[in-house]
Amino acid sequence: MGTTVLLDLMGGVALLLWGLHMVHSGIVRAFGAKIRRSLHAVLKSRYRAFLAGVVVTALLQSSTATALMLSSFSASGMVDLVPALAVMLGANVGTTLIVQLLSFDSSVVAPILLIIGVIAFKRSARTLPRDLGRVAIGLGLMLLSLHILLTSLAPAENAQVVRELLGAITGEPILALLIGALLTWAAHSSIATVLLTMSLAYSSFISPVAAFALVLGANLGSALNPLFEGLAGGNPAHRRLPIGNLINRLAGCLIFMPFLTPMSKLLGLIEPNQVRLAADFHTLFNLVMALLFILPLNWLARFLEHILPDQKSAADPSVPLYLDESALETPSVALACAARETLHMGDIVETMLRQSMTAILTNDRKLVAEVSQKDNAVDRLHEAIKFYVVKVTRDSLDEPEGRRAMEIMALSINLEHIGDIIDKNLMELANKKIKRQLQFSREGAAELEAFHRIIIDNLKLAFSIFLSGDVKAARQLLDAKTKIRELEMAASENHLARLRVGRLESIETSALHLDILRDLKRIHSHICATAYPVLEAAGELYSTRLKAPGVHLAIHGGLRESPLENKID
């Protein structure tokens with residue numbers, strides 16, 4: 001009997017976690033971008049932020065997901081710490097709404113949701129109905145899992161072994177609290193732990209005091225996952241939000257633990273249903289902690305900023321070197337800072353591009369990993385530059401400053417794309433080559449090196465154009481685009497010629513060789529994009545890349561062709 005009960009418990013919890021996952025993934029796929037934008041838009045005051053946390057967490061079914069989403073805003077400096085902490089107070093309350101909904105007898109609703117969800121998911125060709133179908137299936141599975149937990153535990157009420165085991169585990173409130181925190185940390189879900197507690201309380205396996213202690217542990221454990229996620233970052237300031245939430249949870253446990261027995265008696269008089277009793281205590285705990293902390297958030301934020309100062313490590317390549325916040329009041333100076341940071345980002349991308357070919361040709365696995373790590377730095381610098389330029393453009397800029405801001409953003413975006421191509425494409429090809437222990441033919445390797453060398457030279461030219469705005473150099477860069485296309489075609493034809501004569505190395509590396517050429521050409525296209533703003537400012541770009549009707553005849557009739565005609569593709 002005891003083994004069967006434990007298996008039923010594990011199966012019910014597993015079904016519950018899978019239902020939570022389906023609801024969360026369905027909501028994120030359907031409305032994730034809108035939720036993220038809406039959350040950012042309302043983070044102006046602590047009270048609006050609190051309500052936003054309630055709503056977002058009720059939708060996402062996870063305070064951990066809300067915390068991780070918010071951490072990206074807080075770490076980038078786009079959201080102040082006080083409203084971010086208010087969102088977390090709301091997120092903790094939001095989880096109680098889900099628990100309250102599931103605490104009512106809704107066993108009839110579960111099969112209806114499952115039927116509707118399966119029909120929407122299987123029959124609909126559109127993305128949104130399929131995602132909402134996934135949500136309905138997840139909710140149905142959650143309700144079904146709760147029903148399974150309640151019904152499967154009922155016959156085991158008289159199982160003395162199970163009762164003694166759970167009684168011993170939860171006999172001490174502090175031990176029960178720690179068990180609840182551990183279960184929540186492992187499951188990444190306080191909802192799952194609270195619902196399991198409700199099921200155990202309903203079947204009289206645990207006392208109301210033990211149930212309350214497990215609920216406190218679930219609330220404490222929900223603060224651990226965002227904290228552990230943030231430990232990987234080197235800057236202590238990035239851990240302010242999860243530590244602030246953990247302080248709130250710890251304070252709540254210290255306040256409520258001495259009064260568990262009288263509270264269980266008092267609430268038991270109001271709500272005799274053991275399932276609803278645990279859910280009501282969960283709601284009461286989070287509402288009280290929100291009321292206690294919503295006003296002194298300024299003090300808490302100052303305390304966190306004092307103990308976790310913003311530290312910038314010069315050794316970390318992802319740390320911006322030139323984004324001076326004090327320069328934001330002077331747009332021209334701030335844009336110069338952003339331009340310097342973009343070139344710093346460009347230096348890392350250039351190093352990645354150089355090392356990528358070395359890694360490919362020498363089968364250096366360590367260098368492949370190093371290049372991939374640099375892409376993470378490029379991504380973070382891109383985010384920092386983007387948010388810095390956004391701050392600069394909040395105030396009105398004159399036309400040259402606005403154009404310069406767009407040039408900085410454009411180069412930063414293109415450099416980030418180049419980094420992604422190197423990391424996700426070229427380094428993936430390098431890993432395949434290393435895994436299969438392949439080698440290019442001597443002629444093939446020489447062609448790739450020559451092609452790569454031209455890409456490097458043009459990247460340097462692009463940086464020069466970005467700094468100087470030289471129109472002549474911009475024309476030269478676009479002319480190189482045509483040359484690269486011709487060189488790629490010639491290299492591909494040479495490779496095919498080696499295939500025709502049966503060169504073993506060429507046969508083994510054929511797909512890799514052609515893919516590398518293609519990816520290097522894609523990188524070059526992003527490099528050439530640096531020329532477009534300069535040429536557009538000089539009035540040397542057409543509004544369309546296609547010739548206007550009749551232009552071809554006019555040219556052959558004696559009109560002079562523009563020097564850029566047919567060279568921009």
Side-chain angles (χ1 to χ4, degrees), residues 2-3 5-21 24 57 61-68 88 91-92 95-96 98-99 102 142 145-146 149 153 161-203 205-232 239 242-258 260 264 278-279 281-282 285-286 289:
T3 304
V5 170
L6 290 176
L7 286 174
D8 286 339
L9 277 174
M10 294 171 63
V13 171
L15 187 61
L16 174 61
L17 290 174
W18 184 249
L20 277 168
H21 168 74
H24 174 67
T57 304
Q61 309 273 294
S62 171
S63 60
T64 300
T66 305
L68 294 177
M88 289 312 305
N92 296 325
T95 61
T96 70
I98 307 162
V99 171
L102 296 176
M142 290 173 66
S145 68
L146 185 59
L149 287 172
L153 287 172
V161 175
V162 176
R163 190 177 299 279
E164 290 178 358
L165 175 63
L166 290 173
I169 292 175
T170 60
E172 288 292 332
I174 294 179
L175 180 60
L177 182 147
L178 294 175
I179 291 172
L182 183 61
L183 288 175
T184 303
W185 169 77
H188 278 60
S189 173
S190 61
I191 297 173
T193 304
V194 174
L195 293 182
L196 175 61
T197 301
M198 289 160 51
S199 303
L200 295 173
Y202 174 81
S203 301
F205 281 113
I206 58 175
S207 66
V209 173
F212 287 4
L214 284 170
V215 169
L216 289 179
N219 282 276
L220 178 61
S222 66
L224 297 178
N225 294 114
L227 177 62
F228 291 151
E229 291 281 348
L231 288 178
R239 297 192 287 273
I243 288 179
N245 186 44
L246 180 61
I247 289 174
N248 174 269
R249 306 287 86 187
L250 283 171
C253 291
L254 292 174
I255 292 171
F256 276 75
M257 279 295 289
L260 290 185
S264 65
F281 177 74
H282 182 50
F285 172 81
N286 283 286
M289 295 315 299

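Quantities reported herein were computed from a predicted structural model and do not represent experimental measurements.
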Would you say the side chain of Met289 lies within less than 4.5 Å of the side chain of Asn92, judging by non-hydrogen atoms? no
For the CD1 atom on Ile174, are there more than 12 heavy atoms of other groups (residues, nucleotides or ligands in this structure) within a distance under 6.0 Å? no
Side chain to side chain contact (heavy atoms under 4.5 Å, CB included) involving Ala201 - partner list, sequence neighbours excluded: Ile206, Ala211, Gln274
Can you check whether Leu195's main-chain N or O pairs, donor with acceptor, with Ser199's side chain at less than 3.5 Å? yes
If you measure from OG on Ser207 to CZ on Phe212, what distance do you get to the nearest 0.5 Å? 9.5 Å
With a 4.5 Å heavy-atom cut-off, do Leu220 and Leu250 have their side chains touching? yes
Pairwise side-chain contact, Ser222 with Thr95, heavy-atom cut-off 4.5 Å (strictly under): no
side-chain hydrogen bond (donor to acceptor under 3.5 Å, both in side chains) partners for Asn219, two or more places apart: Arg249, His282, Asn286
Any side-chain heavy-atom pair from Leu177 and Glu172 closer than 4.5 angstrom? no
Would you kindly say whether Thr193 and Thr184 are connected by a side-chain donor-acceptor distance under 3.5 Å? yes
Check whether any side-chain heavy atom of Phe281 sits under 4.5 Å from a side-chain heavy atom of Phe256, and report yes or no. yes
Any Leu216 side-chain heavy atom under 4.5 Å of Leu260 side chain: yes
